[in-house]
2 protein chains.
Amino acid sequence: MTRAYDSTTKRAELIRAAKELFHQQGFHKTTLDNVAKKASVPLGNVHYYFETKQALAEAVIASHSQGLREAFAFWESSTDPLERLTHLIRAPLGAVESVIRFGCPHGSLCQELEKLEDDSPLIKAGASLLLAYIDWAHNQLQLLGFHSETARDLAEQLVAAIQGTMLLAHTLRSPELLARQLSRVEAWLKFEVASLQRSPA
Amino acid sequence: MTRAYDSTTKRAELIRAAKELFHQQGFHKTTLDNVAKKASVPLGNVHYYFETKQALAEAVIASHSQGLREAFAFWESSTDPLERLTHLIRAPLGAVESVIRFGCPHGSLCQELEKLEDDSPLIKAGASLLLAYIDWAHNQLQLLGFHSETARDLAEQLVAAIQGTMLLAHTLRSPELLARQLSRVEAWLKFEVASLQRSPA
DNA sequence: GTCTATAAATTGATAGAC
DNA sequence: GTCTATCAATTTATAGAC
């Protein structure tokens with residue numbers, strides 16, 4: 001019943017391999033041959049599934065988007081929005097070694113894609129990842145009682161802090177920095193929420 | 001007396017061109033031919049000044065380091081460390097269009113270089129740029145009266161917030177986000193300093 | 001659908017005339 | 001020191017057998 005390597009699986013396998021290599025080596029340094037080897041697919045065959053390297057990258061980003069949606073859904077099993085946001089803040093700690101060695105898979109990809117041609121669809125696709133974080137945080141903050149505009153502001157601040165923290169922890173190869181600064185972000189968020197509840201708008 | 005294009009000038013011109021192109025297109029996408037053309041130097045001649053592309057990149061980073069030292073020296077013409085740090089926070093606003101279109105020249109370069117081979121000297125060189133920011137902020141915070149450990153913590157938080165803000169503003173192409181969130185960082189820092197002065201350690 | 005072989009283009013680096 | 005021409009390697013993409 002489950003054909004372990006039918007064509008759909010191979011396509012998925014290529015995406016999985018590319019996703020991992022893009023994170024570890026970056027988009028530019030990763031060759032189609034690298035991806036093909038990792039996915040145990042002959043080089044020439046890659047183009048049967050993806051016309052160009054760019055098309056493969058689009059599929060990788062779509063897969064990241066899907067992964068984000070699943071993470072959001074999972075965190076929403078908590079009923080308290082503050083608790084949900086805490087899951088977001090702590091998420092990098094669930095993959096410390098990876099974040100320290102390779103940075104945030106979304107943030108670093110995003111920044112690399114930004115250096116492509118101005119009209120590349122990959123730029124917009126990459127940006128949609130960071131936007132997804134902000135939008136989701138925005139929603140959770142509104143559920144906590146913040147007005148839309150304030151919630152937007154806080155969501156941006158939250159995502160910026162998390163991304164900046166990962167960049168520093170990665171660059172300085174410091175898991176301690178990651179843990180320490182994410183705790184700070186968490187404390188800050190709790191404080192903001194508590195302030196709101198003391199003096200509701 | 002001033003030979004406009006003696007060999008020292010050409011070398012500097014190549015660095016200048018590479019610095020700009022690395023920022024706009026990234027390290028990988030920038031070819032030696034691009035740099036040569038921008039500096040009005042024949043392609044083959046680039047290797048007279050820099051043996052490899054990597055050596056050119058090292059010179060670019062050294063130039064960034066020098067630029068940072070000059071910026072720090074300039075900001076230190078303010079006597080109040082809080083005012084100095086405010087200059088740091090507002091610096092991106094002095095080059096808004098550039099930051100929005102291309103991101104932070106140091107942060108984005110740093111993240112791209114991280115994707116090179118683990119033992120590449122460029123990785124350490126790039127990291128030294130972000131470290132310079134942290135160290136300088138650390139010093140200023142100590143001058144304000146924070147204990148070394150607290151100052152370190154706050155310095156990391158400050159640089160992370162600035163870097164994260166630039167990443168978001170760049171990715172979302174939003175000068176408004178940049179201005180808004182940097183104001184928030186500024187307000188946060190003022191609050192921290194005021195708190196310390198109300199209850200000195 | 002799957003694979004091998006190879007074309008076509010790019011690009012870092014070098015050789016050698018001046 | 002400066003430049004032209006070119007090599008050598010890499011890599012995306014394609015052609016065509018099975």
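Residue numbering restarts at 1 for every chain, and letters A, B, ... go by the order of the sequence lines. For the numbers below, each heavy atom of this structure counts, side chains included, while hydrogens, waters and symmetry mates do not.
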Between [X] and [Y] (salt bridge meaning N to carboxylate O under 4.0 Å), is one present in this structure?
| X | Y | answer |
| --- | --- | --- |
| B:K190 | B:E186 | yes |
| A:E114 | B:R173 | yes |
| B:D119 | B:K124 | no |

Legend entry - Under-4.0 Å side-chain N/O to phosphate OP1/OP2 contact, B:Y48 with C:dT14: no

Inset, instruction - Output yes when at least one side-chain N/O atom of B:K10 is less than 4.0 Å from OP1 or OP2 of D:dC3, else no. - result: yes

Legend entry - 5′-ward residue of the pair B:V41/A:L32 relative to DNA chain D: B:V41

Protein-nucleotide distance ([X], atom [atom1]; [N], atom [atom2]), rounded to Å:
| X | N | atom1 | atom2 | answer |
| --- | --- | --- | --- | --- |
| B:Y49 | D:dC3 | OH | C1' | 11 Å |
| A:N45 | C:dA5 | CG | P | 14 Å |
| B:H28 | D:dT11 | NE2 | P | 10 Å |
| A:F27 | D:dT12 | CZ | C1' | 11 Å |
| A:H47 | C:dT2 | NE2 | P | 16 Å |
| A:D33 | C:dT6 | CG | P | 16 Å |
| A:L14 | C:dT2 | CG | P | 11 Å |

Inset, instruction - Indicate, with yes or no, if the rings of A:H106 and A:Y133 have centres closer together than 6.0 Å. - result: yes

Inset, instruction - Tell me which nucleotide among D:dT12, C:dA13, C:dC3 gets nearest to the side chain of A:P42. - result: C:dC3

